[in-house]
Structure formats: structure tokens, C-alpha cells
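Residue numbering restarts at 1 for every chain, and letters A, B, ... go by the order of the sequence lines.
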Amino acid sequence: MIALQTGKSLGLILCLECRATVRALDVRYPRCPRCHAHLHPRKPHSLALTTALLLCAAVLYIPANLLPVMYTRTVFDEEKDTIMSGVLVMLHSGSWPIAVLVFVASIVVPMLKILALVVVLFSAWRGSARYRTQRSELYRMVEFIGRWSMLDVYAISLLVALVQIRSLASVAVGWGALAFGAVVVLTMVAARTFDERLLWDPPP
Amino acid sequence: MSALIVCPSCDLAHCIGAAPSKERTVCARCGGLLQRAENGNIDAAIALAVSALVLFAFSNAYPLVAIQSNGSGRATTLLGAALGLYRQGHTLLASLVFFTTIAAPFLQITSLLYLLLPLRRRREAPGQRIVFRLLTRIRPWIFVEVFMLGALVALVRLAAFARVVPGVALWSCALLMFTLTALTSRTSPGQFWRWVEDRRA
Ligand SMILES: [Zn+2]
Ligand SMILES: [Zn+2]
């Protein structure tokens, strides 16, 4: 391949729902002939939407880590647990593989995800042509690892359902867990509204 | 005969043969996934969907885990995890857990069966395009494998102060996780429309 032909230069639009390649039609709101989804040459308002969602996620990342995600009540006392203190408890009780797992999934992954999205967003804004392949790979990694941060939310929901022993001990959910779920959902939606083809588009 | 397709990741145009691709291909420029294998068997996909439905029923009908401590015990089902959050007033979080572990997998399995069963007999289901688009929207929100790992974390934490008994649903949930992964990779959008077009021809 000498001159790189892209869908844009050939007047072809890819339907993101069914992956059909469609010749661009000269109508106002074109729809895919195969699955009838709306067609856009690029995802509409991609950069603005991703930036907004990412900002919300970054803000919520703070309460997600500072607010308690879980309260454990026993006859003697009540304990508050944030994600981090939960990790430390598991570390001290000897189940360090689980502690590492939760630490990576709940604290490292969301932070990496937010940072990676900032990097790809920034280079898409600037239209930078360097390290395109690496940035593309970074974006795909974000899509792949994002869901695993929900791990602790599920663990807590099971603890809540199970630990209600004759009013001797009980577990209650804290608002940190909701903030946590919101971070996962927001970063997932942010990654989906981002159009990775913007990383490759030649400057206008 | 050949056709032009563009890379979903970088928009580079590729010339491909008209025959269904036998294996996954990647983009020559960015390395992104260009095509999945599209020569799958529709009967195999239906069989997977039916097994997924059976496993889904098991996962919901039986208790997931039970704990025993000082003579008193308690068990929970998959739905119980979402219900516990709901009872404590965390409606949003409960909906999120309910949607990602129960509603989304159920909708994926049933909408696939709705689309594929008529297609096998060379008919097209009413509202095929709408159901297909619903399916592609739901797919990213199936979190069964994350839930399984979360259950593992909960079990380890509980094992410190109670006797933990894994239930039938825990095993069927693990099988469901693998079945759903296989089902998703065998019913990619490209593959689905390939089946539709083969039957129209
Ligand atoms: Zn389409
Ligand atoms: Zn590409």
C-alpha cells in the first residue's frame, strides 16, 4: 500500500452496530441499510462527551476511595471499611493474593483507565501523529480491563446478603460503593463515546 | 469478487475476498481487530444459547453460597445479592448489580434465540433489526465473569469467621461464564448478518 486510502477519503462509512461498510449517502440523517442504525462518519461530539464523562469519573474517584464502602456491625463494635482498609484487612488476615487482586482491580485499574483516557483524549485534541499505534493499543487495553473494577461492588453485595446472623453481626453498604460503581460505569461509557479513529485522522 | 471494508479502529480501507473469513484478521496499520471468523455454524450457536439458558436458570434457581456460624446459617441466591442492596436503600447500586448479572445476560440469551431460531428455518424474526441493535447495546454490560471473581473475594473474606458452603448456582454460574464467552465470540455482528444474507441468497 503506497497511498493510504481511508474510509473517509473513499466516502465510505462504517456502521458501528453491524460493521457494514456503507457508501456515504447524501441525505441528512443516513441510516444503515442492513441494521437501520444511524450512521455517522465519526461518533458525534466524541471528544466533548468523553471529556465530560471522564471529568465526572475523575471527581467521583475521590469519594469512591475515601468514603466507606462497607460497615460491619457486631455486638461489640462497628467498623468502617474503605476499599483501601479492606485491602489491608485482607493482607493482615493472610489472604494476600486476594488483597493484591482487590487492590489492582479497585484502585490501580480505575486510575490507569482514567489516565489512559486522558492521554488518548489529549492526543486526539492535538491531532498528534506520533506513537499512534501505541495510543491505539492503550485505548483497546482500557476497553478490555475496565469492567474488572466492579469486583469489589459484587463482593460487598454478597457480604451484605449473607452476613445477617441473628442480629449478632451485620454488614451494611456505604456510599463509597455507589461512587465506585459510578466510576466504573462512567469510564466505560467514556471509553465507548471516544472515537479511536480520531487518533488516526489526518489534520484538516 | 472482492469487497472493501474499513478498519473500525483507524478507518484504513482493506480489500477482502467475498467469501466468509475463516479466521480473525487484524488491520495492517493499527493492529486492531478487522474481522472475526464468519464461517460458524448456526446450529452450534443455537446449542450454546440453549445451554446458556439452562445454566442461567440453574444459576438463579439455586443458592449461590451459604454460610454457617454458631449453628445458624444463611444462604443467598444471585438475585439475593441485588435484593440485599435494595433493602438497604441503595436502589441505584442494586439496579446496577441486577442489570449486569441477571438482566443483561438473560436479554442476550433470549434475544439471540429469538433471532437465530427463525433464521435456522430461513425465516427472519419480526423486528430483527431492532432486536439486533438491542443485542449489540447490551453486550458490553454483561459482567458475569467479574461477578464470579467478586464472589471468590467474598468467600475468602467470609471463610475467616464462618463456614462457607458453595452452592449449585456457583458452579452453574462458572459454566455460564464460559458458555457466554463462547456464545459472544460465535455470534459477532459480522457473523450474524452473514447468516442473514446467506439465507436471503
Ligand atoms: Zn448497520
Ligand atoms: Zn486499523
Side-chain angles (χ1 to χ4, degrees), chain A residues 1 4-10 12 14 16-21 34-37 86 89-90 93 95 98 101-102 105 132-133 136-137 139-140 147-148 150-166 168-169 172-173 177-178 181-182 185 188 192 196-197 199-201, chain B residues 3-13 28-32 64-67 69-70 72 74-76 80-85 88 90 92-94 96-97 100-101 129-130 132-133 136-137 140-141 143 145-147 149-158 160 162 188-190 192-193:
Chain A
M1 249 169 280
L4 291 179
Q5 295 278 18
T6 60
K8 212 173 193 178
S9 68
L10 294 168
L12 298 172
L14 178 76
L16 290 177
E17 305 263 349
C18 75
R19 298 294 165 97
T21 305
R34 195 157 78 170
C35 75
H36 222 232
V89 167
M90 282 182 269
S93 67
S95 44
I98 296 290
L101 180 74
V102 174
R132 276 174 163 163
T133 316
S136 238
E137 275 164 6
Y139 173 75
R140 285 198 284 271
R147 47 210 287 113
W148 291 97
M150 279 287 275
L151 186 84
D152 221 40
V153 171
Y154 292 135
I156 291 164
S157 73
L158 280 175
L159 291 179
V160 167
L162 282 169
V163 185
Q164 310 286 344
I165 305 167
R166 276 197 209 151
L168 287 179
V173 206
L178 181 64
V185 171
M188 268 182 76
R192 293 181 69 74
E196 48 176 329
R197 293 169 294 185
L199 292 172
W200 295 86
D201 280 342
Chain B
L4 268 184
I5 57 168
V6 293
C7 170
S9 308
C10 75
D11 209 30
L12 183 71
R29 176 164 73 166
C30 72
L64 203 60
V65 268
I67 59 166
S69 167
N70 301 332
S72 74
R74 199 181 166 86
T76 185
L83 266 183
L85 297 176
Q88 293 196 352
H90 288 265
L92 259 176
L93 200 60
L96 182 64
V97 170
T100 51
T101 59
R129 298 197 287 201
I130 296 171
F132 166 78
R133 278 183 282 138
T136 58
R137 298 278 166 87
W141 300 100
F143 279 45
E145 68 274 39
V146 185
F147 179 82
L149 206 60
L152 181 74
V153 172
L155 292 190
V156 172
R157 289 186 81 161
L158 282 170
S188 65
F192 172 74
W193 290 100

Exercise for the section: With a 4.5 Å cut-off on heavy-atom pairs, point out which of A/A105, A/C18, A/G181, A/S136 contacts chain B the most. Expected result: A/C18
Completion exercise
Separation between NE2 (A/H36) and CZ (B/F132), nearest 0.5 Å, reads 14.0 Å
Exercise for the section: Check whether A/S93 gets within reach of chain B through its side chain, its backbone, both or neither, counting any heavy atom under 4.5 Å. Expected result: neither
Fill in the blank from the handout: Heavy-atom closest pair (A/V102 atom, B/V153 atom, distance to 0.1 Å) is CG2-CG1, 3.7 Å
Completion exercise
Between the OG atom in A/S157 and the NE2 atom in B/H90, the distance rounded to the nearest 0.5 Å is 12.0 Å
Fill in the blank from the handout: With chain A, the option among B/G80, B/P140, B/C7 that has the most non-hydrogen atom pairs under 4.5 Å is B/P140
Practice task
State, yes or no, whether a side-chain contact exists between A/R19 and B/P8 at a heavy-atom distance under 4.5 Å.
Solution key: yes
Completion exercise
Nearest heavy-atom contact between B/G150 and A/A155 is O-CB, 3.4 Å
Problem - Heavy-atom contact with chain B under 4.5 Å, split by part of A/T21 - result: side chain
Practice task
Check whether any side-chain heavy atom of A/R132 lies under 4.5 Å from a side-chain heavy atom of B/C30, and answer yes or no.
Solution key: no
Fill in the blank from the handout: Of all heavy-atom pairs linking B/T76 and A/A161, the shortest is OG1-CB, 3.5 Å
Exercise for the section: Sort A/M90 into side chain, backbone, both or neither according to what part of it lies under 4.5 angstrom from a heavy atom of chain B. Expected result: side chain
Handout entry: Donor-acceptor contact below 3.5 Å, side chain B/R133 vs main chain A/C35
Key = yes
Handout entry: B/A75 versus chain A, the contacting section by heavy-atom distance below 4.5 Å
Key = backbone
Handout entry: Interface moiety of A/V173 toward chain B, non-hydrogen atoms closer than 4.5 Å
Key = both
Fill in the blank from the handout: Smallest heavy-atom separation, A/A172 atom then B/Q88 atom, equals CA-OE1, 3.3 Å
Practice task
Among the options A/M150, A/R192, A/M188, A/R34, pick out the one with the most heavy-atom pairs lying under 4.5 Å from chain B.
Solution key: A/R34
Exercise for the section: Counting only heavy atoms closer than 4.5 Å, note whether B/V97 contacts chain A via side chain, backbone, both or neither. Expected result: both
Exercise for the section: State, with a plain yes or no, whether a side-chain heavy atom of A/R140 is found less than 4.5 Å away from one of B/S9. Expected result: yes
Exercise for the section: Measure the spacing between CG of B/L158 and CG of A/L162 and express it to the nearest 0.5 Å. Expected result: 6.0 Å
Practice task
Consider only side-chain N and O atoms of A/Y154 and B/T100, and report whether a donor and an acceptor are under 3.5 Å apart.
Solution key: yes
Exercise for the section: Supply the atom-to-atom distance A/L101 CG to B/L149 CG, rounded to the nearest 0.5 angstrom. Expected result: 4.5 Å
Practice task
Mind listing the closest non-hydrogen atom pair of B/F147 and A/L158 along with its distance?
Solution key: CZ-CD1, 4.1 Å
Handout entry: Per-residue contact mode, B/L4 against chain A (heavy atom under 4.5 angstrom)
Key = both
Handout entry: Polar side-chain atom of A/R147 near backbone of B/E145 as donor-acceptor pair, under 3.5 Å
Key = no
Fill in the blank from the handout: Output for pair (B/L12 CG, A/L10 CG), nearest 0.5 Å, gives 9.5 Å
Exercise for the section: Would you name the heavy atoms of A/R197 and B/D11 that are closest together and state the gap between them? Expected result: CG-N, 3.9 Å
